Protein chains: 2
Amino acid sequence: MRPSKRDELVRKAFAIFYRDGFHATGMDRLVAETGISKTTMFKHFRTKDELILAVLRYRDETFRNWFFRRLDAYGETPKEKLLAIFDVLREWFDEPAFRGCMFIKASAEFQEPSHPAYTQSAEHKRLLHQAFCRLAADAGAIDPDMLARQLLILKEGAIVAAHMGFDADPAGASKQAAKALVDAATGSA
Amino acid sequence: MRPSKRDELVRKAFAIFYRDGFHATGMDRLVAETGISKTTMFKHFRTKDELILAVLRYRDETFRNWFFRRLDAYGETPKEKLLAIFDVLREWFDEPAFRGCMFIKASAEFQEPSHPAYTQSAEHKRLLHQAFCRLAADAGAIDPDMLARQLLILKEGAIVAAHMGFDADPAGASKQAAKALVDAATGSA
DNA sequence: TCATAACTGAACAGATCGGTACATTTATTG
DNA sequence: CAATAAATGTACCGATCTGTTCAGTTATGA
């Protein structure tokens, strides 16, 4: 299998960037912790920024994959799946390695709106919104776009709360709020 | 007036850190942009980290001060003030210099839970929760703590949405959600 | 006016930054 | 086996990082 080293690098670099941040992690530390030589790294990626972008692409793919797979496991109907968002979040928050959202952090470290890490982070959220939108429409929401936006805002807020530790049960609080919004938007009890 | 230089440094450093991030901003750039000599900086603060902590303290104070003052300007009753949270957010989002929440970004760049920048950021959010809690209690909420947590989660989510630009009107969406939650919690129409 | 404190500018130290050069070793594949 | 591709280790580059040193300037206040 050819590109295994490259994939290995992206996977391991993700874990390190996710844990320690982008600017705070130097290439030398990446070498020390991954066991992959610097020469190899710079053969696969011309700059650190390119590696970061590859890591973000990898994270976007694996996260959305995992997230929606878990969503399907929790709920049968679209409405159940909308609420399951917050059960899946709880699973994530309970992971020992949980450190908040990679994309929120990326957009915090690379703030210029033109920076590809920034735009890619925004794109990740846009894809989530799109998926939430479809679910909301399938659930029969009066205004699917509005409900999706609100659920996404609740999700991001819960992530921040979980990461910063100012709420003992952000998944629970946001799920309860979501239930009220979903019920109101779908006209059920 | 004695400590004016120190205050000037903190104010100007805040603007630069807020715009460009902590790790991405070197002391030399701080010198170039503030016009304050490096010698003076390191006389007032022994390390860059100490300056950062002072900047965070300054931001905590000025932000909460501004925020709750604006809250009072928007609403008469506790309930109105709870909803005004999201009108004040809109004001903030509309500022040209808006770049998200300083404390979310600080906790993204300084992730070790023991790091003072991290704990101080969490403390800022705790103080907001406390204030929201009092407002929720005054508004007659059935479970003031739960309502306060939900409103805070909505607020953080709206900030992330505004910063990352994946929602055209995060203040509006979160306010509508907040209205549903506040009405339900206070048993009014 | 004179002492004292605050501030400045520029040079510097040692470490680390992202990134390169190159010779060597390890795998893969015909 | 031979040829080729991939990965390694190390030393290095110039730039930048946080932080220091020190001699000189500016402001303050008795």
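Being a predicted model, the structure only gives us computed values, none of them experimental. Letters A, B, ... are given to chains in the order of the sequence lines, protein chains preceding strands, and every chain is numbered from 1.
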How many Å lie between CE on B:Met27 and C1' on C:dA10, as a whole number? 16 Å
Consider the side chain of B:Lys48, meaning its heavy atoms from C-beta on, and name the nucleotide among C:dG18, C:dC7, D:dT18 that approaches it most closely. D:dT18
Between C:dA6 (P) and B:Phe45 (CZ): distance, integer Å: 14 Å
Suppose the criterion is side chain to side chain donor-acceptor pair (under 3.5 Å): which pairs have a residue in residues 127-141 of chain A, not counting sequence neighbours? A:His129-A:Asp145
Atom-pair distance (CZ on B:Phe42; C1' on D:dT21), nearest Å: 13 Å
For residues 23-42 of chain A, pull every pair meeting ring-ring contact (aromatic ring centres under 6.0 Å, His included), keeping only residues two or more places apart or in separate chains. A:His23-A:Phe110
If you go through the side-chain atoms of A:Thr39, does one of them form a donor-acceptor pair with the base of D:dG9 closer than 3.5 Å? yes
Counting heavy atoms not belonging to B:Glu95, are there more than 12 under 6.0 Å from its CD? yes
Could you verify whether a donor N or O on one side chain and an acceptor N or O on the other, from A:Glu109 and A:Tyr118, lie under 3.5 Å apart? no
Donor-acceptor pair present, A:Lys5 side chain and D:dA6 base, under 3.5 Å: no
Residue A:Asp28, side-chain atoms from C-beta onward, closest of D:dC17, C:dC17, D:dT8: C:dC17
Strand-adjacent residues in residues 29-38 of chain B, judged by heavy atoms under 4.0 Å from DNA chain D: B:Lys38
For the side chain of A:His44, starting at C-beta, report the closest nucleotide among D:dA7, C:dC17, D:dG19. D:dA7
Is the distance between the ring centroids of A:Trp92 and A:Phe86 less than 6.0 Å? no
Let me know the distance between CZ of B:Arg46 and P of D:dT18, rounded to the nearest Å. 17 Å
For the pair made of CD in B:Glu50 and P in D:dT18, what is the distance, rounded to whole Å? 15 Å
Taken to the nearest whole Å, CZ/A:Phe22 to C1'/C:dC17 is 17 Å
Kindly state whether the ring of B:Phe63 and the ring of B:His124 have centres lying under 6.0 angstrom apart. yes
Whole angstrom is fine here: how far is it from NZ in B:Lys43 over to C1' in C:dA5? 8 Å
Using atom CG of B:Asp7 as one end and atom C1' of C:dA6 as the other, report the distance to the nearest whole Å. 15 Å
Electrostatic pair A:Arg57-A:Glu61, nearest N-O below 4.0 angstrom: no
